[in-house]
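Protein chains get the first letters and strands the later ones, always in sequence-line order, with residue 1 at the start of each.
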Amino acid sequence: MSTTPCVLIENETALEAAAREIAVHPTIGLDTETTGLDPLCSRVRLIQFAIPGKNLVMDLFKVRALSNPEIRRVLESSETVKVLHNAKFDVKMLLCHFNIELRGIFDTLLASQLIGAGRIDIGHGLAAVADRHLSQEVDKSAQASDWSGALTQAQYEYAAKDAELMLPLRETLAVQIDELRLNEVAKLEFECVLPIAAMELAGMAIDAACWRNLATEVGRAHEILSIELKHELAPGIEQPSLFGEPEINLDSPAQILDALARMGINVEGTRSWQLQPLAAEHPAVAKLIEYRAIQKAVTSYGLPLLEHINPLTGRLHPDFRQIGATGGRMSCSDPNLQQVPNTPEYRSCFRAPAGRKLVIADYSQIEIRILADWSQDTSLVKALLSGEDLHRVTASQMFGVKLEEVSKEQRAAAKQLNYGIMYGLGAPGLAARVNCPLSEAEEMLRKYFSTYSGMAAWLNEAADRAVRDRENRTRSGRLIHFDFDPQDRTQVAAVQRLGKNSPIQGSCADIIKRALALLHDALKALDAKIVNCIHDEIVVEAAEAEADRCSTIVEHEMITAAREFISSIPVSVDTVISDAWLK
DNA sequence: GGCACCGGCCAC
DNA sequence: AAACGTGGCCGGTGCC
C-alpha cells in the first residue's frame with residue numbers, strides 16, 4: 001500500500017513548477033490515459049509522471065501540458081530515461097497529437113520479454129510483470145473506464161499508480177538485464193520503439209478500388225470452382241440430394257477426407273503437399289488444391305482487408321508486435337502486411353498516393369551472410385566475397401563442375417540447400433523439394449556439408465549448445481531459451497533445429513531493427529516515412545522529387561546497420577523505386 | 001455467443 | 001537421421 005502523494009496539475013502555474021521539478025530527475029515513470037485505443041481516433045486525457053516520492057498527473061483537458069517547452073524537452077531528450085510499459089502505445093499518442101518524439105525509453109514490456117527469452121509459460125502484461133518481479137498486485141479495474149468526461153479523485157489516483165510502478169519495476173528489470181548481459185539488445189529494442197510507432201502511424205496506402213476489383217474477380221472464380229469441386233466430389237458424397245447441389249462443406253477437412261475416402265482415395269490429410277502426388281491421377285484432388293488456394297485468397301485477402309482501412313487516413317495501420325517471435329522477429333496483425341501474397345495482382349494494389357513513390361529495399365541473402373560471418377567457413381566466405389551467383393558457386397563446388405557448366409537442376413538443388421540449411425533441412429525434406437530419390441538427396445547433403453565443412457561444424461555446435469545450455473544468443477546478445485524434455489527424442493531434435501535456426505533468424509531481426517532506428521533518424525531531413533517492414537525488407541514512402549535521395553539513404557542506413565553485426569562479409573541491399581509495392 | 005483448438009495456407 | 005524455422009488469418013469444430 002503506497003502513500004506516495006499524487007499531485008493533480010490543472011493550471012499553468014502548477015504546470016511550470018511541475019516541469020521544473022520533473023526536469024531534474026534522470027529517470028521518470030510515464031503513462032498516459034486516452035479516450036480510446038486507436039491513436040488516430042482518440043484523445044490523450046491524462047499524462048502521468050512519476051518521480052521518486054511523488055506522482056504528478058496532468059489533465060490535458062484543463063492544461064496544455066504538452067505545449068510546455070520544458071516538458072517537451074524532457075520527453076524528447078535521450079538523456080532522461082522515461083520508463084513505460086508498452087511504450088509504443090504512448091509514443092503513438094504523443095506523436096499523433098503533439099508531434100512529440102519520445103526518446104530515452106525504457107520499456108518494461110520489452111525488458112520483460114527479453115529477460116523471459118521466449119519462455120512460453122509467462123505473460124508480459126503489466127499485471128503479470130509486476131507480480132513476477134515486484135510481487136505486487138496491480139489493480140487494472142479502472143483502466144477501461146471512461147476517460148473523456150469529468151474524472152473522480154479515485155480515477156486520477158488510479159492513473160498515477162501505473163506510472164509510479166514503473167520506477168521500482170525498472171530497478172529490478174535493469175539489474176536482471178545487466179546480469180543476463182542483455183544491455184546491448186535492450187538498447188537496440190528501446191531505440192526501435194519510436195520508429196515502429198511512427199511506421200504504424202504512417203500506415204500503408206492501398207488503392208481500395210483496385211483491391212475491391214481484385215476481390216470480386218477472385219470471388220467469382222471461387223464460386224465457379226466450388227461448383228466444379230462439388231461436382232467432382234459428388235460420387236463420394238453419401239446422400240446427394242436429387243435437386244440442387246450435393247451437400248458437403250468444402251471448407252471442412254473432415255468432410256473432404258470422408259468424401260475422398262468414399263471415392264477410394266485414401267490420404268493422411270488434405271494439405272496441398274499431401275494431395276499433390278495424387279493430383280495427376282484424380283481430377284477431384286487437382287480441383288481441391290485449386291479450390292484451397294482460391295478459398296484462402298477470398299477469406300484472407302479479399303474484402304475483409306478493406307475493413308482495416310482507417311476512415312481518417314484512408315490507409316492501413318497494422319499492429320506490429322516488436323518482439324513477436326522468440327528469436328526477436330517482429331510479427332504483424334490487423335492486417336498482417338507481412339503476408340500479402342507476393343504476386344503482382346495483390347502487390348500492385350499497394351500504390352503510393354499521387355506525387356509519391358515507394359522505395360522498396362531488401363537485404364540480399366542476409367541469413368546466409370550472417371551464417372558465413374559467424375562460422376567463417378572458408379568456402380562460403382570465399383564464395384560470397386567473389387560476388388558471383390552464390391547458388392551457382394555452391395553447385396559448382398558440390399558437383400565438381402565448372403561455373404559455366406552448372407545445370408539448372410544443380411543450381412536449384414544448391415539454392416534449396418543454401419536457403420533450407422538454416423532451418424535444419426534434412427534429406428527427406430530436400431528430396432521432396434527437388435523431387436528426387438532419398439538416396440540422391442542424402443548424397444547431395446553430404447556433398448554440401450563437405451563443401452561447407454566449417455558451416456556444418458558451426459551448425460552442429462549451435463545445435464549441441466542449444467541442447468546442453470538450453471539457450472542460445474543472437475549477434476546482439478538476445479537470449480533464446482529452450483524448454484524441452486531431454487528424454488524425448490523428437491523434442492531434442494526440434495531443439496537442435498531451433499539451435500541452428502534461431503541465432504541466424506534472430507540476428508537478422510537484430511539487423512533490421514537497427515536499420516529501422518538509423519533510418520528513422522536519417523529520413524527526418526526528407527519528406528519520407530517508413531511504411532512497412534517484412535523481416536529483411538523495408539518499404540518507405542517518399543515524395544517523388546526526393547525518391548532518389550531517399551533510396552540512397554535507405555540503402556546506406558541498411559548497410560550500415562548490417563555492418564554493425566557482420567564485419568567480414570559484404571552486405572548488399574536491393575532497392576527499387578516504384579509506384580506500387582512491386583520489384 | 002465466446003473461446004480454444006486444429007487443419008490449412010500465406011509471408012519471409 | 002521418420003518430420004526445415006518464425007509468424008497470422010480463416011473456417012470448422014467442440015466446449016462451456
Please pick, from C:dA3, B:dG7, C:dC9, the nucleotide with the shortest atom-to-atom distance to any side-chain atom of A:P428.
C:dA3
Under 4.0 Å between a side-chain N or O of A:R329 and OP1 or OP2 of C:dG7?
no
How is A:N249 classified with respect to the nucleic acid when contacts are heavy atoms under 4.0 Å: base, sugar-phosphate, or nothing?
sugar-phosphate
For A:Y423 and C:dG5, what is the distance between atoms OH and P respectively, to the nearest whole Å?
10 Å
Euclidean distance, atom NZ of residue A:K296 to atom C1' of C:dG11 [Å, nearest integer]
10 Å
Does A:Q255 put a side-chain nitrogen or oxygen below 4.0 Å from OP1 or OP2 of C:dT13?
yes
Quiz question: by atom type and distance under 3.5 Å, do the side chains of A:R292 and A:T270 form a donor-acceptor pair?
yes
Roughly, in whole Å, what's the span from CG in A:L337 to C1' in C:dG8?
12 Å
Taking OP1 and OP2 of C:dG8, is either one under 4.0 Å from a side-chain nitrogen or oxygen of A:S331?
yes
A:E442 near the nucleic acid: base, sugar-phosphate alone, or nothing, with a heavy-atom cut-off under 4.0 Å?
nothing
To the nearest Å, how far apart are A:I534 CD1 and C:dG8 C1'?
15 Å
Is the shortest side-chain N/O distance from A:N342 to OP1 or OP2 of B:dC12 below 4.0 Å?
yes
Tell me the closest heavy-atom pair linking A:H391 and A:R411, and the distance in Å.
CD2-NH2, 3.5 Å
On DNA chain C, more 5' by nearest nucleotide between A:L498 and A:D251 is A:L498
Looking only at the side chain of A:R489 (C-beta and beyond, no hydrogens), which of the listed nucleotides C:dA1, C:dG5, B:dC10 gets closest?
C:dA1
Using a 4.0 Å heavy-atom cut-off across all strands, classify A:C332 as base, sugar-phosphate, or nothing.
sugar-phosphate
To the nearest Å, give me how far apart CG (A:L425) and P (C:dG5) are.
10 Å
Out of C:dT6, B:dG7, B:dA11, whichever nucleotide has its closest atom nearest the side chain of A:R347
B:dA11
A:I256 CD1 to C:dG11 P, straight-line distance once rounded to whole Å
16 Å
Sole residue of A:E189, A:Q113, A:R329 in side-chain hydrogen bond (donor to acceptor under 3.5 Å, both in side chains) with A:Q322
A:E189
Hey, does A:R292 reach any base, or is it just sugar-phosphate, or nothing, if we go heavy atoms under 4.0 Å?
sugar-phosphate
In whole angstroms, how far is the C1' atom of B:dC12 from the CG atom of A:D574?
15 Å
When we call it a touch if two heavy atoms are under 4.0 Å apart, what does A:S272 touch: a base, just sugar-phosphate, or nothing?
sugar-phosphate
CG on A:L110 to CD1 on A:I323, rounded to 0.5 Å
5.0 Å
Can a donor-acceptor pair be found, under 3.5 Å and without considering hydrogens, that links the side chain of A:Q491 to the backbone of A:F484?
no
Of the candidate nucleotides B:dC10, C:dG12, C:dC10, which contains the atom at the shortest distance from the side chain of A:S252?
C:dG12
Which part of the nucleic acid, if any, lies within reach of A:G327 when heavy atoms closer than 4.0 Å are counted: base, sugar-phosphate only, or nothing?
nothing
When you measure from the side chain of A:T326, which nucleotide among C:dG7, C:dC10, B:dC10 comes out closest?
C:dG7
Under 4.0 Å from OP1 or OP2 of B:dG7: is there any side-chain N or O of A:T270 that close?
no
Interatomic distance where CD1 belongs to A:I538 and C1' belongs to B:dC12 [whole Å]:
14 Å
Among the nucleotides B:dC12, C:dG12, C:dT6, whichever has the atom closest to the side chain of A:Q505 is C:dT6
A:E281 side, atom CD; A:I265 side, atom CD1 - distance, nearest 0.5 Å:
8.0 Å
